[in-house]
Amino acid sequence: MHQDIIDGLLQPVARISPKYFYDQCGSELFEAITRLPEYYPTRTERTLLKERAHDIAQAVGAVSTVIEPGAGNGEKGRVLCGILRPTHFVGVDISTEILQEGMARLRQEQPTVDARAVTADLTNHLELPADIPFAHRLVFYPGSSIGNFDPPQALEWLRRARTWIDNTGGLLIGIDLPKELAVLEAAYDDAAGVTARFNRNVLAHVNRLIGSDFDASQWSHRAFFNTKASRIEMHLEADRRQLVRWPGGRREFAQGERIHTENSYKYPLPAFSAMLREAGFTRARWWTDERHWFALIHAQP
């Protein structure tokens, strides 16, 4: 983790992986983002889950275990467990406290579900509990989180997810679809400035992780849609020239220089369906909202 952050900061265009957004404060800020009027993905996906519950249950069939990478507080997982009634649930996240709280709430609300919390980095190998059933698993990856990976990384992640299930299992994944520029950019640069706080908070987290001396107040939030790449980009822009130090290293940033903190790709359905097939999922069914802003896809081997 330490070297990963430093390597990113020393790139010609500095980068910090979005996985470092999610310390306790970052996780709480993201939950606040999901409630903002501009941030449509969570609200739209939640509505899809509820309105299409019967269709999803029929398509998925019998499920022994739901595995949710990036589970966060487990809110969507609890909704899905209410629909599918699995015997096991495995929530995976890098933010331990938020995850533990979510799993505790799931156990309280649905005591028949054996809910486990696994703290892990989704970009690395995932070690699942050895005693959960292998047959009839469902990998649940909501929130268009797959969009945070560049396409080759997204394909690799989907291939890894395929190894977590056998031929009786499946994947239920949410993707954000291309739409009007104004809608996209407002979702990542809200009027209240919550997303800006979320973006700057990564510097405070990095300071704790590697001992650096970033002054978050000297960085501005920038978010825009890259039409050519079909992705939202988030950056932090230096308000003035500054030198950032950490034990054993440093980097000088010019005024206006940026640190790239996140991409969020918006995939057309045909392009994402092709990626699923390449990853080993040969059958897929999807549901979209009335405005075709968001899609839930159930894919099977």
Side-chain angles (χ1 to χ4, degrees), residues 1-11 13-34 39 41-42 67-74 76-77 90-103 117-128 139-161 164 173-176 188 194-212 214 216 219 221 223 231-236 246 258-265:
M1 184 180 293
H2 187 278
Q3 195 60 47
D4 177 54
I5 294 169
I6 292 172
D7 288 346
L9 290 174
L10 294 177
Q11 292 295 310
V13 177
R15 302 181 66 94
I16 297 174
S17 169
K19 66 189 177 185
Y20 299 115
F21 282 139
Y22 300 101
D23 62 351
Q24 181 73 15
C25 180
S27 296
E28 291 170 358
L29 283 168
F30 183 73
E31 291 306 317
I33 288 170
T34 66
Y39 195 78
T42 300
I67 301 165
E68 184 181 358
N73 68 2
K76 292 174 186 172
V90 181
V92 184
D93 206 280
I94 199 169
S95 183
T96 303
E97 287 187 40
I98 293 287
L99 179 63
Q100 293 283 5
E101 290 169 8
M103 295 305 96
V118 174
T119 302
D121 176 355
L122 299 182
T123 62
N124 295 326
H125 173 70
L126 176 60
E127 193 72 38
L128 293 167
V139 178
F140 180 45
Y141 201 38
S144 68
S145 298
I146 192 71
N148 293 144
F149 299 109
D150 290 336
Q153 296 171 324
L155 176 59
E156 179 58 31
W157 190 94
L158 291 169
R159 284 174 170 155
R160 262 204 325 273
W164 302 338
I173 188 167
I175 65 165
D176 199 10
Y188 293 84
V194 181
T195 310
R197 289 166 55 202
F198 172 73
N199 199 9
R200 282 193 293 267
N201 180 70
V202 77
L203 298 179
H205 192 202
V206 164
N207 282 346
R208 292 194 300 275
L209 291 172
I210 70 168
S212 52
F214 279 103
W219 294 81
H221 169 66
R231 71 189 188 197
I232 284 281
E233 294 183 14
M234 292 210 319
H235 300 256
L236 289 165
W246 55 86
R258 292 175 173 176
I259 301 173
H260 194 161
T261 55
E262 184 179 52
N263 291 324
S264 184
Y265 284 83

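Note that the structure is predicted; figures quoted are calculated from it, not measured.
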Notebook entry, point to check: Does the Asp150 side chain pair with the main chain of Pro152, one donor and one acceptor, at a distance under 3.5 Å?
Noted result: no
Next item on the list: Mind jotting down which residue pairs meet the salt bridge (charged side-chain N to carboxylate O under 4.0 Å, His left out) criterion with at least one end in residues 17-31? Sequence neighbours excluded, please.
Entry: Asp4-Lys19, Lys19-Asp121, Asp23-Arg208
Margin query: Rounded to the nearest 0.5 Å, what separates atom CZ in Phe21 from atom CG in Leu29?
Written below: 11.0 Å
Checklist line | Sub-4.5 Å side-chain heavy-atom contact between Ile98 and Tyr22 | finding: no
Checklist line | Between Glu101 and Asn73, a side-chain donor and acceptor under 3.5 Å | finding: no
Margin query: Can you confirm whether Val202 sits close enough to Ile259 that some side-chain heavy atom of one is under 4.5 Å from a side-chain heavy atom of the other?
Written below: no
Next item on the list: Could you check if a side-chain atom of Asp93 sits within less than 4.5 angstrom of a side-chain atom of Glu68, using non-hydrogen atoms only?
Entry: no
Next item on the list: Could I get the full list of side-chain hydrogen bond (donor to acceptor under 3.5 Å, both in side chains) partners for Arg258, not counting sequence neighbours?
Entry: Glu237
Notebook entry, point to check: Should the heavy atoms of other residues, nucleotides or ligands under 6.0 Å from CD of Gln153 be counted, would the total exceed 12?
Noted result: yes
Notebook entry, point to check: Is there a donor-acceptor pair under 3.5 Å between the side chain of Asn148 and the backbone N or O of Asn263?
Noted result: yes
Next item on the list: Could you check if a side-chain atom of Trp157 sits within less than 4.5 angstrom of a side-chain atom of Ser145, using non-hydrogen atoms only?
Entry: no
Check: What distance do Phe30 atom CZ and Asn201 atom CG have between them, rounded to the nearest 0.5 Å?
Finding: 13.5 Å
Margin query: Quick check against the 3.5 Å criterion: does Ser264 have a side-chain atom that pairs as donor or acceptor with the backbone of Gly147?
Written below: no
Margin query: Using the side-chain hydrogen bond (donor to acceptor under 3.5 Å, both in side chains) criterion, which residues pair with His221? Sequence neighbours excluded.
Written below: Asn199
Margin query: According to side chain to side chain contact (heavy atoms under 4.5 Å, CB included), who are the partners of Arg159, at least two apart in sequence or on a separate chain?
Written below: Leu155, Glu156, Glu278, Ala279
Next item on the list: Go through the structure and list residues passing side chain to side chain contact (heavy atoms under 4.5 Å, CB included) with Ser144, not counting sequence neighbours.
Entry: Asp176, Phe294
Margin query: Within the 4.5 Å heavy-atom criterion, are Thr42 and Ile33 side-chain neighbours or not?
Written below: no
Check: Considering residues at least two apart in sequence or located in another chain, which fulfil the ring-ring contact (aromatic ring centres under 6.0 Å, His included) criterion with His235?
Finding: Phe224, His260
Checklist line | Interatomic distance, Phe140 atom CZ to Ile173 atom CD1 [nearest 0.5 angstrom] | finding: 10.5 Å
